[in-house]
Number of protein chains: 2
Amino acid sequence: MIGAVTEVLSATDFRAPIDDRWFDDYVVGETYEYGKLALAADDIVEFGRQYDPQRLHTDPAWAATGPFGGLIASGWQTAGLMMRMYCSHYISAVASLASPGVDELRWPAPLRPDESVRLRTTVLESRLSRSKPDRGIVRTGIAVLTDDDRAVLTGIAMNMVAVRPGS
Amino acid sequence: MIGAVTEVLSATDFRAPIDDRWFDDYVVGETYEYGKLALAADDIVEFGRQYDPQRLHTDPAWAATGPFGGLIASGWQTAGLMMRMYCSHYISAVASLASPGVDELRWPAPLRPDESVRLRTTVLESRLSRSKPDRGIVRTGIAVLTDDDRAVLTGIAMNMVAVRPGS
């Protein structure tokens, strides 16, 4: 169970709290960091058995002889860590509508057991909807980084976010 | 626990079994289908609490009043179902090297509790590596479909796959 409490790690963060944060609060160019989370070996194996049953995620003995010299997390579990921090700190708890998807999802390096990671978010684009002026789309550069600044996941997340009521 | 046994649903499948399948066996244009899997409401809530704590994934009572009129799975858990079928049937158990990532990941429609889904794979591109001639990259169109053919996830998966030894 991924239960760690995370916090803001960057010097700056949104001024608007997550439960009163709207489209207007996502300012292009702003970068924030949140963390940290880690996966125990058991977490990696449990997730792998359910969702990504390849031996490098489910079998520590085999993984030790495999291409990465040890167990590594499923890239989809690394995405889950990203999302956990994204929900806890970044995406509005009141204004987030559906997410259309993610572009250019990459796993540049493996995530190993007990490695702490943080999430770095950068607002890349914020654009009002033409057809529905009560909302806009926010494109966010995401990077999950180890303590030695190795990126284990990068991508571009998209979110539909409601504008502040009355604005 | 996602434990269902899945099977080949399409009329055709790879001729090479998954434990003797190599780069050469991924033929551009070939389409196969595998399934089925479903998520119980409890599976959705458990995953949501760990990896995507938004109320539409974790709180059935709130979700009933929310934008989708009920609980829906985290898009990352839907990706996990995709990966489960991808590992069980599609990606070689012996020749798969790292996955660089996924492009154009989309969640066009929500996945609700107890909805069965299947995976459709289409080989889009298969290209030998120039720098490492013992492997190639396979690009695969993926779609997770409900029984009424609603796509709940689409994307383009990339895999590095070893060529058949001695070929």
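Below, all heavy atoms of this structure are taken into account, side chains as well, without hydrogens, waters or symmetry copies. Chain identifiers are assigned alphabetically (A, B, ...) following the order of the sequence lines, protein sequences preceding nucleic acid strands; residue numbering begins at 1 within each chain.
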Return the option, out of A:G66, A:G48, A:S99, with the maximum number of heavy-atom pairs under 4.5 Å with chain B. A:S99
Minimum heavy-atom distance B:R84-A:Q50, with the two atoms named: NH1-O, 2.7 Å
Indicate if B:V28 and B:Y86 have the same hydrophobic cluster label, given that clusters are the connected sets of ILVMFWY residues with side-chain heavy-atom separations under 4.5 angstrom. yes
Could you state whether A:L153 and B:I156 fall into the same hydrophobic cluster, counting links through intermediate Ile, Leu, Val, Met, Phe, Trp or Tyr residues with side-chain heavy atoms under 4.5 angstrom apart? no
Hydrophobic cluster identity match, B:V144 and B:L37, side-chain contacts under 4.5 Å: yes
Okay, B:M82 and chain A: the region with an atom under 4.5 Å from a heavy atom over there is side chain
How would you list, in number order, the residues of residues 105-131 of chain B that have a heavy atom less than 4.5 Å from chain A? B:L105, B:R106, B:W107
If you count heavy-atom pairs within less than 4.5 Å of chain A, which of B:L97, B:L56, B:D103, B:I91 leads? B:D103
Would you say B:L145 ends up clustered with B:V8 if hydrophobic residues are merged whenever their side chains have heavy atoms under 4.5 Å apart, either directly or through other cluster members? no
What distance do A:Y51 atom OH and B:F47 atom CZ have between them, rounded to the nearest 0.5 Å? 6.0 Å
Any side-chain heavy atom of B:Q54 sitting closer than 4.5 Å to one from A:M83? yes
Pick one of side chain, backbone, both or neither for A:F68, based on which atoms fall under 4.5 Å of a heavy atom in chain B. side chain
Decide whether B:V102 and B:M160 are clustered together by the hydrophobic rule: side chain heavy atoms of Ile, Leu, Val, Met, Phe, Trp, Tyr closer than 4.5 Å, transitively. no
Given a strict heavy-atom distance threshold of 4.5 Å, which part of B:P67 is in contact with chain A: side chain, backbone, both, or neither? neither
Below 4.5 Å from any heavy atom of chain B, which atoms of A:M158 appear? Answer side chain, backbone, both or neither. side chain
